[in-house]
There are 4 protein chains.
Amino acid sequence: NMANVKLAIVYYSSTGTNYRMAQWAEAAAQEAGAEVKLLKVPELAPEQAIAANPVWKEHYEATKDVPVATSDDLEWADAIIFSAPTRFGTLAAQMKQFIDTQGGIWGAGKTVNKVVSGMTSAQNSHGGQEATLLSLYVNMMHWGAIIATPGYSDASVFAGGGNPYGASVSVDQDNNMVEDVEGAIKHQARRTVDVASRIVEGS
Amino acid sequence: NMANVKLAIVYYSSTGTNYRMAQWAEAAAQEAGAEVKLLKVPELAPEQAIAANPVWKEHYEATKDVPVATSDDLEWADAIIFSAPTRFGTLAAQMKQFIDTQGGIWGAGKTVNKVVSGMTSAQNSHGGQEATLLSLYVNMMHWGAIIATPGYSDASVFAGGGNPYGASVSVDQDNNMVEDVEGAIKHQARRTVDVASRIVEGS
Amino acid sequence: NMANVKLAIVYYSSTGTNYRMAQWAEAAAQEAGAEVKLLKVPELAPEQAIAANPVWKEHYEATKDVPVATSDDLEWADAIIFSAPTRFGTLAAQMKQFIDTQGGIWGAGKTVNKVVSGMTSAQNSHGGQEATLLSLYVNMMHWGAIIATPGYSDASVFAGGGNPYGASVSVDQDNNMVEDVEGAIKHQARRTVDVASRIVEGS
Amino acid sequence: NMANVKLAIVYYSSTGTNYRMAQWAEAAAQEAGAEVKLLKVPELAPEQAIAANPVWKEHYEATKDVPVATSDDLEWADAIIFSAPTRFGTLAAQMKQFIDTQGGIWGAGKTVNKVVSGMTSAQNSHGGQEATLLSLYVNMMHWGAIIATPGYSDASVFAGGGNPYGASVSVDQDNNMVEDVEGAIKHQARRTVDVASRIVEGS
């Protein structure tokens with residue numbers, strides 16, 4: 001029963017792509033009956049760096065009221081979808097710093113059996129869209145999480161570029177998404193919630 | 001209810017280490033109530049290469065009657081534990097060839113939601129014991145499998161060297177295991193069966 | 001002086017994509033003055049599997065005379081470009097088997113300081129084009145090779161889909177390449193030879 | 001001629017392990033004739049987190065005068081050795097943040113052909129000592145760097161645990177190194193400088 005699943009969608013976004021991806025995931029998970037928290041991770045960049053980039057600045061201001069993810073949110077969640085852009089083929093440092101600071105709940109065994117999947121974005125179609133998600137899952141294996149990537153479990157995966165590790169999208173120089181990943185993201189969100197519902201029910 | 005879980009333990013072993021690891025996993029899974037098949041993958045090495053290495057030859061002869069894994073076995077299974085030695089940091093080609101030849105059941109969607117974990121061995125403590133398991137999980141994400149590695153979900157993991165990606169062991173020049181991994185392997189087998197029982201029950 | 005560089009291009013190809021990629025690399029390396037050997041790895045598939053696929057069969061017959069790569073070829077080479085399709089996100093088993101069987105020259109220290117890079121192909125744009133090359137480089141680190149991937153060192157990389165780990169291409173259902181990777185491949189070949197020439201000169 | 005090589009050793013250390021590793025690398029590289037800068041990356045943790053851990057606090061104070069690495073340092077360098085502890089199997093966020101903020105020199109093509117290798121530490125022998133270094137090299141491939149890991153190019157590698165991706169060490173609960181990695185680190189430093197000297201000479 002998917003109504004029993006608590007899902008945290010934890011994202012980092014500078015110019016809005018991963019925020020939009022997170023919102024699509026939120027919509028699909030809520031429709032499937034899950035209780036969802038949409039949460040951002042803290043920014044590491046100094047205010048002047050943000051101010052120097054109008055698109056970044058605009059997104060930063062527009063999402064000021066999105067709650068910041070905490071260890072309590074992760075502890076609350078049965079499932080977690082992470083979404084963050086690539087930086088040189090691994091997770092943006094903002095997301096990595098958030099993950100690194102969960103040593104407390106990790107040491108207390110509270111990350112075990114969380115059902116997780118990830119999403120990402122990059123400027124080039126082969127510019128880290130696979131490698132970034134794989135780096136996330138390395139972290140998640142340390143957490144004892146249960147990793148449920150989409151694989152090729154639905155036709156929507158192919159339309160989004162066929163990334164079996166999680167939905168990913170290319171962003172062009174005008175900050176527009178290149179591939180149509182909405183379907184793949186919604187499938188991934190439903191799948192993550194479905195797997196989590198089985199884990200929760202069976203416990 | 002773990003009694004409902006069908007587990008395939010698919011291994012490749014030249015001189016016996018991964019066979020022994022597979023047997024420990026088999027014992028723990030059976031004790032947990034799972035139905036278990038212990039299966040080897042086909043050898044790729046020519047007979048003369050095997051004959052030239054007495055330890056390899058002896059193990060090869062001693063395990064002649066172990067059934068060879070097939071696509072039907074994977075289709076039958078709810079969960080799969082793979083065990084194979086490293087070769088230069090990724091799965092031994094014998095195991096990779098077995099995986100590559102599952103295109104039929106993969107294309108038919110029959111690999112989706114299998115619960116998987118992996119085990120490995122190497123000659124050096126940092127000589128591929130992590131990287132080999134990570135390469136297996138890349139394959140499994142293509143299959144749409146659900147990956148349930150041990151993480152640090154039990155004290156036995158630390159005794160075996162603390163590999164969160166799966167049990168792994170160093171083998172010395174006399175073909176003896178260096179670390180005590182029996183406990184970590186048995187925990188991993190129980191965990192794989194536990195997660196699979198939840199997936200099966202919930203479906 | 002690139003005229004001093006000996007380059008082995010070692011490929012596996014079932015339906016011709018990686019063979020064509022290898023030929024582009026060969027042309028560029030020869031033009032740069034390198035001595036080049038174009039070599040295939042042994043097939044693992046049974047004859048009847050090949051016969052059942054007309055495109056595979058045709059390519060298999062058409063390349064019967066391409067020499068098979070040996071350890072001697074690797075020992076001869078200053079630089080190696082590997083090219084093989086993905087199979088579930090890591091190297092096709094045919095290539096892995098070839099790599100695994102180089103234990104002899106590896107144990108003798110003869111793989112150290114080879115300058116290497118890799119190329120690959122997949123059916124989906126995010127379906128292993130990154131992960132497969134990363135799995136090759138894990139193997140190469142065991143060899144003590146020097147890894148010189150293209151990164152974003154030339155504009156041609158972007159035209160080919162922007163894969164910093166090596167040239168890669170998507171293949172559609174009619175076995176046609178989707179992206180234009182010829183430029184990226186030729187740049188990669190020149191770069192591999194350039195780096196190797198410096199290593200050779202400096203030794 | 002190794003006297004021509006400029007080497008930046010860029011580290012992050014909370015309780016001193018990677019600082020000591022960096023110092024061993026510095027000594028060996030200087031002895032080989034290289035010009036060396038030993039540099040730390042900025043801390044991300046708040047002062048109170050550091051103050052709450054006496055060992056961290058002590059190391060933090062003791063290394064206050066170590067210069068902080070900048071983009072100019074990387075531009076200056078022919079070779080870079082990175083050293084940072086694992087955090088859940090990938091680079092500590094402090095190091096990742098430093099890497100992420102090099103977009104300026106990356107976009108200007110100034111990271112191409114830097115010769116790089118990495119070192120790391122972890123609490124468990126299989127707890128990220130391989131995976132962390134592999135995550136660094138993914139970043140470096142985006143930079144167009146030339147990756148020269150030790151492989152098994154020297155007997156000292158085996159004594160340090162046999163990590164072909166770079167020197168790594170386990171740290172026990174009393175903050176002591178478990179394996180003897182000094183030899184492996186000094187070999188790696190010499191090798192990095194050697195490869196860089198060839199790249200520089202040949203350019």
**Q** In terms of heavy-atom pairs under 4.5 Å, which option from Ser170(C), Pro164(C), Gly128(C) contacts chain A the most?
**A**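 Among the listed options, the one with the most contacts to chain A is Gly128(C).
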
**Q** At a heavy-atom separation under 4.5 Å, does Gln123(A) approach chain C through its side chain, its backbone, both, or neither?
**A** neither

**Q** Does Gln129(A) reach the main-chain N or O of His126(C) with its side chain, forming a donor-acceptor pair under 3.5 Å?
**A** no

**Q** Please output the residues of residues 7-23 of chain A in contact with chain C, using a heavy-atom cutoff of under 4.5 Å, in numerical order.
**A**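 Against chain C, none of the residues of residues 7-23 of chain A fall inside the cut-off of heavy atoms under 4.5 Å.
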
**Q** What's the shortest heavy-atom distance between Ala131(C) and Leu134(A), and which atoms?
**A**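 Closest approach of Ala131(C) to Leu134(A): CB-CD1, 3.9 Å.
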
**Q** Over all heavy atoms of both residues, which pair between Gly127(A) and Tyr152(C) is shortest? Give the atoms and the distance, please.
**A** CA-OH, 3.4 Å

**Q** CG/Asn124(A) to CD/Glu130(C) distance, rounded to the nearest 0.5 angstrom?
**A**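 Going from the CG atom of Asn124(A) to the CD atom of Glu130(C) covers 9.5 Å.
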
**Q** Output the residues of residues 80-99 of chain A for which the shortest heavy-atom distance to chain C is under 4.5 Å, in residue-number order; output 'none' if no such residue exists.
**A**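 Counting heavy atoms that sit under 4.5 Å from chain C, the residues of residues 80-99 of chain A involved are Gly89(A).
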
**Q** Looking at Lys37(A), I want to see if its NZ is surrounded by more than 12 non-hydrogen atoms of other residues, nucleotides or ligands under 6.0 Å.
**A**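 Correct, the count exceeds 12.
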
